[in-house]
Amino acid sequence: MQTVLIIALSLHVLAGVVWAGGTFALARLGGAGGPRLRAPMLGAAIVTMLTGGYLWQAVHGGAPGTPEKVLAVGIACALLAFMVQAGAGARTHWQLTRGTLPEAAAQARMALVTRLAAGLLAITVICMAAARYA
Ligand code: HEM
């Protein structure tokens with residue numbers, strides 16, 4: 001059980017670092033390079049959410065205290081970041097493929113979305129790190 005928890009937490013932190021770190025880098029680059037990072041970041045986000053969901057039910061499934069409230073804020077921000085990134089990314093990709101959105105407009109939109117997601121994921125990382133000591 002302890003081994004499974006250690007593996008799940010390690011995978012969770014590793015995937016979370018890829019997702020949040022990739023988003024921070026893209027925000028700094030104004031969204032440039034987004035298409036090349038889309039697949040690894042989507043995979044990392046999915047692994048982060050699945051392992052996080054497992055950790056929640058395995059470690060924090062009981063009565064919610066302060067740590068759970070702090071974690072919940074972080075989780076809400078991460079889910080919002082995912083919806084914003086995946087939703088805008090899919091819509092932009094679709095419009096670019098159909099030729100209904102100019103390249104420059106797509107890049108400007110994704111730059112804005114990535115900055116918003118980076119802010120949300122920064123809150124997530126702080127909440128995840130602080131929850132244990134809250
Ligand atoms: C929907 C997304 C997420 C969910 C459901 C989630 C859930 C959780 C849960 C339940 C824990 C507590 C584990 C424990 O007490 O042993 C945790 C810890 C942690 N999470 Fe997340 N998390 C998410 C996103 C992220 C992201 C994006 C990062 C970015 C790096 C992250 C980094 C961490 C870290 C570093 C810890 C370890 C904290 C510690 O053990 O002191 N999480 N997460």
Side-chain angles (χ1 to χ4, degrees):
M1 186 62 184
Q2 202 69 6
T3 313
V4 178
L5 272 181
I6 292 168
I7 293 171
L9 185 58
S10 304
L11 271 178
H12 178 71
V13 175
L14 189 61
V17 165
V18 173
W19 177 18
T23 305
F24 297 155
L26 278 182
R28 184 78 182 114
L29 295 170
R36 288 190 67 190
L37 285 177
R38 191 188 304 128
M41 280 174 55
L42 181 64
I46 291 170
V47 172
T48 307
M49 290 187 287
L50 290 179
T51 50
Y54 168 75
L55 288 168
W56 177 273
Q57 66 88 30
V59 186
H60 300 275
T66 309
E68 284 72 28
K69 285 181 192 150
V70 176
L71 275 175
V73 172
I75 292 169
C77 287
L79 292 176
L80 204 56
F82 180 78
M83 285 192 290
V84 166
Q85 279 179 307
R91 186 160 169 257
T92 304
H93 181 65
W94 169 248
Q95 289 177 323
L96 276 175
T97 310
R98 292 180 60 203
T100 55
L101 185 72
E103 190 78 39
Q107 175 128 8
R109 179 197 290 168
M110 287 318 292
L112 190 70
V113 162
T114 308
R115 263 183 234 123
L116 177 63
L120 288 166
L121 288 172
I123 298 173
T124 298
V125 174
I126 292 167
C127 289
M128 296 285 149
R132 183 181 291 263
Y133 306 100

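Computed over heavy atoms, backbone and side chain alike; hydrogens, waters and symmetry mates excluded.
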Q) Out of R28, R115, Q85, which residue meets the side-chain hydrogen bond (donor to acceptor under 3.5 Å, both in side chains) rule with T23? A) Q85
Q.
For the CE atom of M128 and the NE2 atom of H12, what is their distance to the nearest 0.5 Å?
A. 5.0 Å
Q) Pick one: which of I6, L5, I7 meets side-chain contact (heavy atoms from CB on, under 4.5 Å) with T3? A) I7
Q: Would you give the length of the straight line joining atom CG of L29 to atom CG of L37, rounded to the nearest 0.5 angstrom?
A: 9.0 Å
Q) Is there a side chain to side chain contact (heavy atoms under 4.5 Å, CB included) between Y54 and V4 once you walk through the steps? A) CA-CA 10 Å; Y54 168 75; V4 178; 3.4 Å; yes
Q: Give the cluster check for V84 versus M49: same hydrophobic cluster or not, with ILVMFWY residues linked at side-chain heavy-atom distances below 4.5 Å.
A: no
Q | Audit row: Q95, R109, side chain to side chain contact (heavy atoms under 4.5 Å, CB included) steps and yes/no | A | CA-CA 12 Å; Q95 289 177 323; R109 179 197 290 168; 2.9 Å; yes
Q | Heavy-atom neighbours of Q57 CD exceed 12 at 6.0 Å | A | yes
**Q.** Test item: S10 and L14 side chains (from C-beta on) under 4.5 Å apart, heavy atoms
**A.** no
Q: Check the hydrophobic clustering (I, L, V, M, F, W, Y; side-chain heavy atoms under 4.5 Å; chains of links allowed) and say if L79 and W56 are grouped together.
A: yes
Q. Would a distance-only check, ignoring hydrogens and angles, find a side-chain to backbone donor-acceptor pair under 3.5 Å from T114 to A27?
A. no
**Q.** Linked, directly or transitively: V125 and V13 (ILVMFWY side chains, under 4.5 Å)
**A.** no
Q: Treat each ILVMFWY residue as a node, draw an edge where side-chain heavy atoms are under 4.5 Å apart, and state whether L9 and V17 are in one component.
A: yes
**Q.** Reported CG-to-CG distance for the pair L55 and L71, which is rounded to 0.5 angstrom
**A.** 9.5 Å
Q. Do L26 and M41 have side chains that get closer than 4.5 Å, going by heavy atoms?
A. yes
Q) In chain order, what residues pass the side chain to side chain donor-acceptor pair (under 3.5 Å) check against H60, with sequence neighbours excluded? A) E68
Q: Tell me whether L121 is reachable from I46 by hopping between hydrophobic residues (I, L, V, M, F, W, Y) whose side-chain heavy atoms are closer than 4.5 Å.
A: yes
Q) Atom CD1 of I123 and atom CG of L80: how far apart are they, to the nearest 0.5 Å? A) 9.5 Å
(Q) If you define the side chain from C-beta out and look only at heavy atoms, does anything of L120 sit under 4.5 Å from T124? (A) no
